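Just follow the structure's listing: the first ligand is 1, and inside any ligand the first atom is 1. Quick caveat: nothing in here was measured; it's all calculated off a predicted structure.
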Amino acid sequence: MVVEIKDKNLYYVGGVVRDEILGVPSLDTDFCYEGNAIDFARAKGFEIVRENPDFGTVRVLIDNKEVDIASTRTEIYPKKGHLPIVDNIGCALRDDLARRDFTINAMAKNTVTGEIIDYFGGLEDIKNKKIKVLHSDSFIDDPTRIIRALKFAVRFGFKLDDATKKLQDEYLSKINYDMSYHRLKKELKETFNLNNAEVYHNFVKQSIYKLLGPEQAVQPCNFEVIDFIREVNPENIWLVYAGLYNLTRLELTKTEQEIIDNFNLIKNIKPESEYDIYCLFKNCPVESILMYAFAVDFTVVKIFFKSLKNIRLELTGDDICELGIKPGEIYRKIFDYLFEQKILGLLQTKEDELEAVRSKFLCG
Ligand code: ATP
């Protein structure tokens, strides 16, 4: 446990408890106070950074670290698939744990006694490497849990428990598309950012892609390309995978939309020479190129990365100016020509490049 605060009503909760049992490092430490966490933080005299009375959460500063403490709470889903509303702040710990996604994430550990509170069989499921929902409406309340299940299964090498898999299949056969796509996007990002072949394989095999909207065209898993994507490790990894589907329901940032738009621009083009390959990809975001590798043609992308991507000319604009050519549109033509000649292997040195410009653009 990364941060220590002790109180008999204060519990470590969720992922941090799961990770300690699994013996893996935790991404963060979540605390849950059985009662009102804001009142608790004030009574303890903690330095309060921020409080949110609507959710009963408080952020405090302890040993120069910001720590979030949540009140126990229940949640209800008046609109299935959308964010829940907070119902009962300060409820019994058991009721708080019952609102959670999976048994392995529904355990708490008392900060004083160290007792593990496990009402739903999380310990047993960790032992048996199972992801299990807490009730049969779980995916109807929050379909993004299907993506979370995929994430945890791959991260820990777990499997969906049979009944949970059945509930997932049932949900995916009659999806309610009126859902929180903001949440869906967040979970998709986290899950695909694992950049793991098994994530994509199961995303397809279990038909999870259907959550993105009806009438999606399936893009089969391509393990060889996934190895390559892992090697390249681009910034927006998630989009290389999810972008192969119709994402119109997700709110994309400008950069994300550009990646999709660029892929759509190039996906039907088949380059016929190395120079064509160079031209096709030279101004594309790396994610769009990787999508092309996945969905269209890996061979040309390999050629681009191996021998074309880093091609540089020796000549600069100043050198061309010194030849007496006035700056303007002609410079673009000159550089295009030089790149073409260089890719064809006809230019080795700066002098070769100068000579090529002279003979093509200055003679006659
Ligand atoms: P990670 O290590 O990826 O952060 P985590 O379990 O801590 O895993 P968070 O997304 O930080 O995951 O959520 C913290 C806890 O909140 C979870 O352990 C779970 O108990 C609960 N939780 C998160 N998302 C949901 C959800 N969609 N439905 C129900 N409970 C959830």
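- No close placement of the Phe31 and Tyr11 rings is indicated, their centers lying 6.0 Å or farther apart.
- Per-residue contacts place Leu27 under 4.0 angstrom from the following atoms of ligand 1 (heavy atoms of the residue considered): 1 (P), 2 (O), 3 (O), 4 (O).
- The shortest heavy-atom contact between Pro53 and Ile89 is O-CD1, 3.4 Å.
- When each atom of ligand 1 is checked for a heavy atom of Phe152 under 4.0 Å away, the hits are 6 (O), 8 (O).
- Here the protein heavy atom with the shortest distance to atom 28 (N) of ligand 1 is Arg145 NE, 2.9 Å.
- Close contacts of ligand 1 with Gly14, meaning ligand atoms under 4.0 Å from a residue heavy atom, involve 18 (O).
- Of all atoms in ligand 1, listed by their number and element, those nearer than 4.0 Å to a heavy atom of Asp30 are 14 (C).
- With no hydrogens or angles considered, a side-chain donor-acceptor pair links Gln257 and Asp261 at under 3.5 Å.
- Between the side chains of Asp141 and Ser138, no donor-acceptor pair is found at a separation under 3.5 Å.
- Of all protein heavy atoms, the one lying nearest to atom 2 (O) of ligand 1 is Arg155 NH2, 2.7 Å.
- By the criterion of a heavy-atom distance under 4.0 Å, both the backbone and the side chain of Asp101 are placed next to ligand 1.
- Counting heavy atoms only, Asp142 comes closest to atom 27 (N) of ligand 1 of the residues Asp142, Val16, Ile147.
- To the nearest 0.5 angstrom, Tyr331 atom OH is 9.5 Å from Leu315 atom CG.
- By the 3.5 Å distance cut-off applied to N or O atoms, Arg18 is counted among the residues near ligand 1.
- The aromatic rings of Tyr278 and Tyr275 sit parallel, their planes meeting at an angle under 30°, below the 60° perpendicular limit.
- An N or O contact shorter than 3.5 Å is missing between Glu190 and ligand 1 by distance.
- The single protein non-hydrogen atom nearest to atom 24 (N) of ligand 1 is Arg148 CZ, 3.2 Å, given as residue, atom name and distance.
- Aromatic ring centroids of Phe120 and Phe102 lie 6.0 Å or more apart.
- At the top of the distance list for atom 21 (C) of ligand 1, counting protein heavy atoms only, stands Arg100 NH1, 3.7 Å.
- Asp19 and Ser26 are linked by a side-chain donor-acceptor pair at a separation below 3.5 angstrom, with hydrogens and angles left out of the test.
- Glu187 does not count as a contact of ligand 1, since none of its heavy atoms falls under 4.0 Å from the ligand.
- Given atom 11 (O) of ligand 1, the protein heavy atom at minimum distance is Asp28 OD2, 4.1 Å.
- With a 4.0 Å heavy-atom cut-off, ligand 1 is reached by the side chain of Arg183 but not by its N, CA, C or O.
- Polar contact check, Gly15 against ligand 1: a nitrogen or oxygen pair lies under 3.5 Å apart.
- Aromatic ring centres of Tyr292 and Phe281: separated by under 6.0 Å.
- Phe139 does not carry Arg145 over the face of its six-membered ring by the limits of under 6.0 Å from the centre and within 45° of the normal.
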